[in-house]
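Remarks on the structure that follows.
Start at 1 and go down the list; that is how both ligands and their atoms are numbered.
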Amino acid sequence: MEASLTARDRVGIQDFVLLDPYTSESAFLDNLKKRFHENLIYTYIGTLLVSVNPYKALDIYNKKQMDIYMGVNFFELPPHIYALADNVFRTMQSEFNNHFILISGESGAGKTEASKKILQFYAVSCPSTKLLNNVRDRLLLSNPVLEAFGNAKTLKNDNSSRFGKYMDIQFDHQGGAVGGHILSYLLEKSRVVHQNHGERNFHIFYQLVEGGEEDLLRWLGLERNCQHYSYLVQGDCAKVTSINDKSDWKMVRKALSVIEFNEIDIEHLFAIIASVLHLGNIKFEADVRGYASLNNNNREMHWLSKLLGIPTQVLQQGLTQRKIEAKTEEVFSPFSVDHAVYARDALAKAIYGRTFNWLVNKINESLVNTDSSRKTVIGLLDIYGFEVFNVNSFEQFCINYCNEKLQQLFIQLTLKSEQEEYEMEGIEWEPVPFFNNKIICDLVEEKHRGLIALLDEECLRPGEATDLTFLEKIEEKIGGHPHFVTHKLADQKTRKTLERGDFRLLHYAGEVTYCVVGFLDKNNDLLYRNGKEVMRQSKNAIIKHCFPSTEPDSKRRPETVVTQFKSSLVGLTEILMSKEPWYVRCIKPNEAKQSGRFDDVLVRHQVKYLGLMEHLRVRRAGFAYRRKYEIFLQRYKPLCPDTWPNWKGTAAEGVRCLIKHMGYKRDEYKMGRTKIFIRHPRTLFATEDAFQV
Ligand code: ATP
Ligand code: MG
């Protein structure tokens, strides 16, 4: 007895639901910390998995561990991401329905790593045939490719996702992974042309320059020196100790061939990456009239022309002049130097952003399953985490808004709907209060009144509106909102002053001060029309595809960036709402990315805003499992002679009879209006086991 007590003291409790005596925040933190220091990074709250980033390699992700977790009841083994993956898979198999796993947490908390572990588990544990192995390899290898093009070093995370990713894995009747589909969300394109100090551009640029084979670099006109490229040096940290660009390059090359990119695609893809680097090195000089001229850029122009397959003259004109519509003829107006730099950067961002979308589509083509038989899916959601830097801009605004939306989804699916369901089913229930961040979502996205609507309004006044008029407008229209702080009100609301040109949002995960500079520009994301026209002449097949001649010209304003993003998040919410949810909540133990360091204040803050205590309270007082009487009876009626083979009464009576026969204790379950509620999964596992015998 004593020995087991000591062990428990040491390793803590593996499911917070069983934590005694109190569900206090300190007890919660103590337990998490105790386990963290024993390298036990996973803990459950019922079926929700809490994961604390260990910042070191643990020997818990291997085939042997996968075998241990495969097909074993959830609570019979120590918590693990494999247990969650296995449970989702088996539920999908037995109920033949669709599921998704929402992985959340702030930047650097371990979301992308968690999603990779889940995918690896399915790749290894699902039935395999030669055909299925192909799909499996492509699913797995889509990761290094998308990470190379869509991840980058930031101050928060050396491998930070700069796009959102939702991946469906499709399974057939036998549980084989037969296909997949990826949706990507708003890539942070501005990184292509600008990086803050201590940050890098997307990994692929450094991989190519560092790892590219000699003759490839020669063919692309690249030097093996990141310092040579203006787009790679702004953050002043081309080299990162935790990243091996050379070996990552090899991995990406291999992955591209497995995903069935042919050699021509690959050539064109790298030609584009190299072109972006050459484009960044183009310098403009002012001619005698003060207009941008391209003297001394012969080398860059030569390579751009060669790699993109566009005549030099056409490129030259596209980079220095703007086409203006006149009644009958085309009129060209020369750019000033500043304008030319702006147009050049806009072009680089457009080329990279569109190529990224092409890449996602290409991967999807290789994952398509043409067999029309019915399939079920498990969706994995791994999106950029909440982030706060010293200076936060439009990109952080979008990323943090996205995190608000996901938190809202979590609240709706767990805290809110769970409690509403008890009420609807007539189950006695003491409501658990929680902070509902809907008020912040509304502040951002409400029609006509929200920040997005006001930003779009300003974007519709070209020439008149500026970032500062946008700021004035929001100060005037929403200055009184409790989660919005302006320069004028800063002292009263948060007791911290605010620079002119900044506004502050009190997000669910903490306050963030945004600098409005660049908001209008980034939201408009303008690419001059002749930039597009120049690209249309390209002989590079990917560029041709990305700038189709059928693309409508900008007579009608395209939707702004943030409005497109908002619609894509609405679409995502709809996709998720139609599936059964599972959660992984990732926690970052310290800001220094160090192993063995558990910063109490930092973790407490995350536990708070992730709503873990509220979730625990609902879970503890509530019921882990519920099913409609009809479904429950249908599945388990063979276990009782009175209900088998046919039950004549109502489904609820049948269930009552069945569980009496099974010996359920009074406090283990509750009968609602339409459903049976079972307090602990163990009760159900026992029933399942009886069923298997
Ligand atoms: P972002 O929102 O910036 O994309 P993220 O939540 O996806 O952040 P990850 O990239 O998954 O964060 O994790 C950051 C780093 O933490 C990883 O590169 C890895 O070094 C470490 N890490 C995360 N999870 C684990 C784990 N389970 N085991 C070992 N190291 C881990
Ligand atoms: Mg990530």
What part of [X], side chain from CB on, backbone N/CA/C/O, both or neither, has a heavy atom under 4.0 Å from ligand 1?
X: Ala114; result: neither
X: Glu387; result: neither
X: Thr112; result: both

Examine the side chains of Ser393 and Lys522 and answer whether a donor and an acceptor come within less than 3.5 Å of each other.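 Yes - a donor-acceptor pair under 3.5 Å links their side chains.
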Hey, are Glu404 and Gln408 close enough side-chain-wise for a donor-acceptor pair under 3.5 Å? no
Give the single entry among Glu113, Glu147, Lys111 that approaches atom 17 (C) of ligand 1 most closely by any heavy atom. Glu113
Of the choices Phe163, Tyr384, Tyr42, Tyr61, which has the non-hydrogen atom that lies closest to atom 27 (N) of ligand 1? Tyr61
Please confirm whether Ala109 approaches ligand 1 to less than 4.0 Å, judged on its heavy atoms.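 A heavy atom of Ala109 does come that close to ligand 1.
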May I ask whether Gly105 has any heavy atom positioned less than 4.0 angstrom from an atom of ligand 1? no
Under 4.0 Å from atom 6 (O) of ligand 1, can you find at least one protein heavy atom?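 Yes, because at least one protein heavy atom sits under 4.0 Å from atom 6 (O) of ligand 1.
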Looking only at protein heavy atoms, identify the closest one to [atom] and say how far it is in Å.
atom: atom 13 (O) of ligand 1; answer: Gly110 CA, 3.6 Å
atom: atom 16 (O) of ligand 1; answer: Asn53 ND2, 2.8 Å
atom: atom 29 (C) of ligand 1; answer: Lys56 O, 3.0 Å
atom: atom 10 (O) of ligand 1; answer: Asn157 ND2, 3.1 Å

State whether Ser161 contributes an N/O/S atom found under 2.8 Å from the Mg ion (ligand 2). yes
Is Ser107 close enough to the Mg ion (ligand 2) that one of its N, O or S atoms comes in under 2.8 Å?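 So Ser107 does not bind the Mg ion (ligand 2) by this criterion.
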So for atom CE, which belongs to Met251, do other residues, nucleotides or ligands contribute more than 12 heavy atoms lying within a distance under 6.0 Å?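 Counting other residues, nucleotides and ligands, CE of Met251 stays at 12 neighbours or fewer.
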May I ask you to list the atoms of ligand 1 that are less than 4.0 angstrom from any heavy atom of [X]?
X: Ser161; answer: 1 (P), 3 (O), 4 (O)
X: Pro54; answer: 25 (C), 26 (C), 27 (N), 28 (N), 29 (C)
X: Glu106; answer: 6 (O)

Using side-chain hydrogen bond (donor to acceptor under 3.5 Å, both in side chains) as the criterion, point out the one residue from Thr112, Asn143, Asp382 that pairs with Lys165.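 So the option named by the test is Asn143.
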How about Tyr609 and Tyr508: are their ring centres within less than 6.0 Å of each other?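 Under 6.0 Å, so yes.
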Mark yes or no: Lys117 above the aromatic ring of Tyr61, with NZ or CZ under 6.0 Å from the six-membered ring centre and no more than 45 degrees from the axis.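 Geometry flag: set, cation within 6.0 Å and 45°.
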Salt-bridge contact Glu210-Lys239 (side-chain N to carboxylate O under 4.0 Å): yes
